[in-house]
Amino acid sequence: MTADSVPAQVGTGGEAPSDDPYALRTGDIKEPPRDLRGTVRRLGPGMILSAAVVGSGELITTTSLGAKAGFVLLWLVIVSALVKVWVQMELARWTILTGKTALAGYSQVPPKVGRVGWINVLWILMDFAKMLQRGGMIGGTAAAFSILAPIGGAPLGRTSLTVWTVIVVASVVALMYTGRYRMVEKAGFITVVFFTLSTVALAVGLPWTEFGYGGSDLASGLTLSIPAGTLGFAVAMFGITGVGADEMTTYTYWCLEKGYARWTGPDDGTEARARRAEGWIRVMRIDALTSWVVCTLCTLSFYIIGAAILHRQKLVPEGNDMITTLSRMYTDTLGPAGKYLFLIGAIAVLCSTIIASTASVPRLWTNSASSASAGSDRRSPAAPGASTWTSSPTIPTSPPPSSPSRGSRP
C-alpha cells in the first residue's frame with residue numbers, strides 16, 4: 001500500500017474501505033464461538049506477543065539474571081509475569097469495546113504535550129531507546145548464524161558477521177513486506193512452539209545431570225526475599241521479564257487485526273452487541289492467558305537454567321562472548337552436539353522477537369504520527385492514516401461511535 005492508495009475517507013468519519021482491519025462495520029459482525037474448538041481457532045494475538053516477549057529478553061536477560069543471582073529471585077519472575085498480564089487484558093478489553101488502539105487511549109489522558117498525550121511522549125522516548133535493543137537482537141542473530149555457518153571467514157569474523165547481518169535484515173523485510181497479520185501469526189507460532197518445547201525440556205531434564213537442582217533450591221527462590229546486593233537485579237528483572245509496556249500496547253493492535261473488535265461491531269447500544277462484546281472478550285482472555293502460560297514457562301525455564309548451570313560456574317553472558325557463554329547451558333549438559341541445538345534454538349528465539357518487533361513498531365509509529373497530525377480535529381480529511389514502508393495497515397484517526405452500551409461497562 002502506498003500513500004496515494006490510502007482512501008480519503010479514512011479518518012474523516014466516512015465509510016471505511018473493506019480491507020481496513022481497524023474499521024468497525026456492521027457487515028463484519030460475527031458471533032463469538034461457544035465451544036472449545038471454535039475458541040481455539042480464534043486464538044492468535046497471544047502467539048505474536050509470546051514471540052515478542054519470549055525472545056532476546058528471556059534468552060539473554062533472564063538467563064543472565066539467573067546466572068548473577070542464582071535461585072534467590074525465582075519468586076520475582078512469577079510475580080512479574082502474573083501482575084502484568086492483567087494490565088494487558090484490561091487494555092485489550094478496552095480496545096474490543098471501543099475499537100481504538102492503546103495509543104489512541106493514551107492520547108486521551110491529560111495533560112497534553114502539544115497535540116499528543118504525555119504517555120505517548122513517554123512511549124516515543126522509550127522506543128528510541130529500544131532501537132538499540134533491536135540492533136542488538138539483529139547482531140545476536142547474525143552472531144549465532146556466523147558460529148553455525150560462517151561465511152567468507154572465521155566464525156564471528158567481520159566478513160561473516162556483516163554478510164549474515166545483511167541476510168537477516170533482508171529476510172525480515174521480505175517477510176514483513178506484505179504487512180499481513182496472518183503471516184506474522186504463523187511465524188510467531190512456529191518459533192514459539194519450537195522454542196518452548198526445547199527450553200522447558202532442558203530445564204526439566206537438568207536434575208538428571210551434574211547441574212541438577214532440587215526442591216531446596218526451588219524453595220530458596222520462593223522466600224519473597226531480596227538479598228543484599230541483588231536489588232538492582234530485582235528491579236531489572238521486574239521490568240524486563242514478562243509482558244512489558246510496549247508488548248501490552250502492541251497486543252491491542254493484534255487483537256484488532258485478528259478481528260475481535262471488528263467482529264463485535266460498532267457500539268449501537270443494543271443487548272446483542274453487549275453479548276458479542278462479552279463473548280469476544282472471553283476469547284481474548286483465553287488468548288492472553290495462553291500466552292501468559294507460555295511466557296511464564298519459558299521465563300522460569302531460562303532463569304532456572306541460568307541459576308543451575310551458569311551461576312554455579314560463575315559465568316555471566318556479556319560482551320562478545322555472550323552467545324558462547326549462553327551455549328554452555330547446552331554443551332555442559334548435552335555435550336558438543338548441544339552447541340548446535342542451542343544455536344538453532346537461539347536463532348529461532350531471536351528471529352521470533354525481530355519478526356514481532358518489525359511487524360509492530362511501524363504500526364505504532366504510524367498511529368502516533370497520524371494522531372499527532374490530526375491534533376484536536378480528529379475528523380480532519382487532511383490527516384488520514386498514513387502508510388509505512390513496511391506496508392502496515394492504515395490506522396484510522398477518527399473515533400468510533402460513542403453511544404454507550406451495557407457491554408462497555410467496566
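Small disclaimer: the values here were computed from a predicted structure and weren't measured. Positions are given from 1, in the same order as the sequence printed here.
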Is a side-chain N or O of S80 found less than 3.5 angstrom from the main chain of V77, in a donor-acceptor match?
no
Side-chain donor-acceptor pairs of residues 334-342 under 3.5 Å, sequence neighbours excluded:
none

Do I96 and L256 touch side chain to side chain, with heavy atoms closer than 4.5 Å?
no
Would you kindly say whether W94 and T98 are connected by a side-chain donor-acceptor distance under 3.5 Å?
no
Checking the side chain of T296 only, and the main-chain atoms of V293 only, is there a donor and an acceptor separated by less than 3.5 Å?
no
Any donor-acceptor pair under 3.5 Å linking the side chain of R42 with the backbone of Y260?
no
Any side-chain donor near an acceptor of the partner, D287 and Y251, under 3.5 Å
yes
Before giving the answer on side-chain contact (heavy atoms from CB on, under 4.5 Å), spell out for T39 and R34 the whole-Å C-alpha distance, their side-chain angles and the decisive distance to 0.1 Å.
CA-CA 7 Å; T39 298; R34 298 183 180 180; over 6 Å; no
By side chain to side chain donor-acceptor pair (under 3.5 Å) - contacts of S171 (at least two apart):
none
Examine the side chains of N367 and T101 and answer whether a donor and an acceptor come within less than 3.5 Å of each other.
yes
Derivation of the salt bridge (charged side-chain N to carboxylate O under 4.0 Å, His left out) call for R363 and E257:
CA-CA 11 Å; R363 287 165 166 80; E257 293 196 31; 2.5 Å; yes
Partners of W123 by ring-ring contact (aromatic ring centres under 6.0 Å, His included), sequence neighbours excluded?
W365
Quick test of your reading: applying side chain to side chain donor-acceptor pair (under 3.5 Å), list the pairs with at least one residue in residues 134-160, sequence neighbours left out, ordered by first then second residue.
D127-R134, R134-S357, S146-S160
Sort and list the pairs that fulfil side chain to side chain donor-acceptor pair (under 3.5 Å) and have at least one residue in residues 65-74, not counting sequence neighbours.
none
Donor-acceptor list for residues 210-217 side chains, cut-off 3.5 Å, not counting sequence neighbours:
{"unit_1": "Y213", "atom_1": "OH", "unit_2": "A203", "atom_2": "O", "d": "2.7"}
{"unit_1": "D217", "atom_1": "OD2", "unit_2": "G214", "atom_2": "N", "d": "3.0"}

Are R273 and L97 side-chain neighbours, meaning at least one heavy-atom pair lies under 4.5 Å?
yes
Side-chain donor/acceptor of Q88 to backbone N/O of K84, under 3.5 Å
no
Tell me, please, which residues at least two apart from Q108 pass side chain to side chain donor-acceptor pair (under 3.5 Å).
none
Is I151 close to I167 at the side-chain level, that is, under 4.5 Å between some pair of heavy atoms?
yes
SB check E90 R93 (cutoff 4.0 Å)
yes
Who are the side chain to side chain contact (heavy atoms under 4.5 Å, CB included) partners of V109, not counting sequence neighbours?
W118, I119
For W263, which residues count as a ring-ring contact (aromatic ring centres under 6.0 Å, His included) partner, sequence neighbours excluded?
W280
List for me each residue that meets salt bridge (Lys or Arg N to Asp or Glu O under 4.0 Å) alongside K130, sequence neighbours excluded, and say none if there are none.
D246
Not counting sequence neighbours, which residues clear side chain to side chain donor-acceptor pair (under 3.5 Å) with R276? List them please.
none
Partners passing ring-ring contact (aromatic ring centres under 6.0 Å, His included) against W164 (at least two apart in sequence or in another chain):
F145
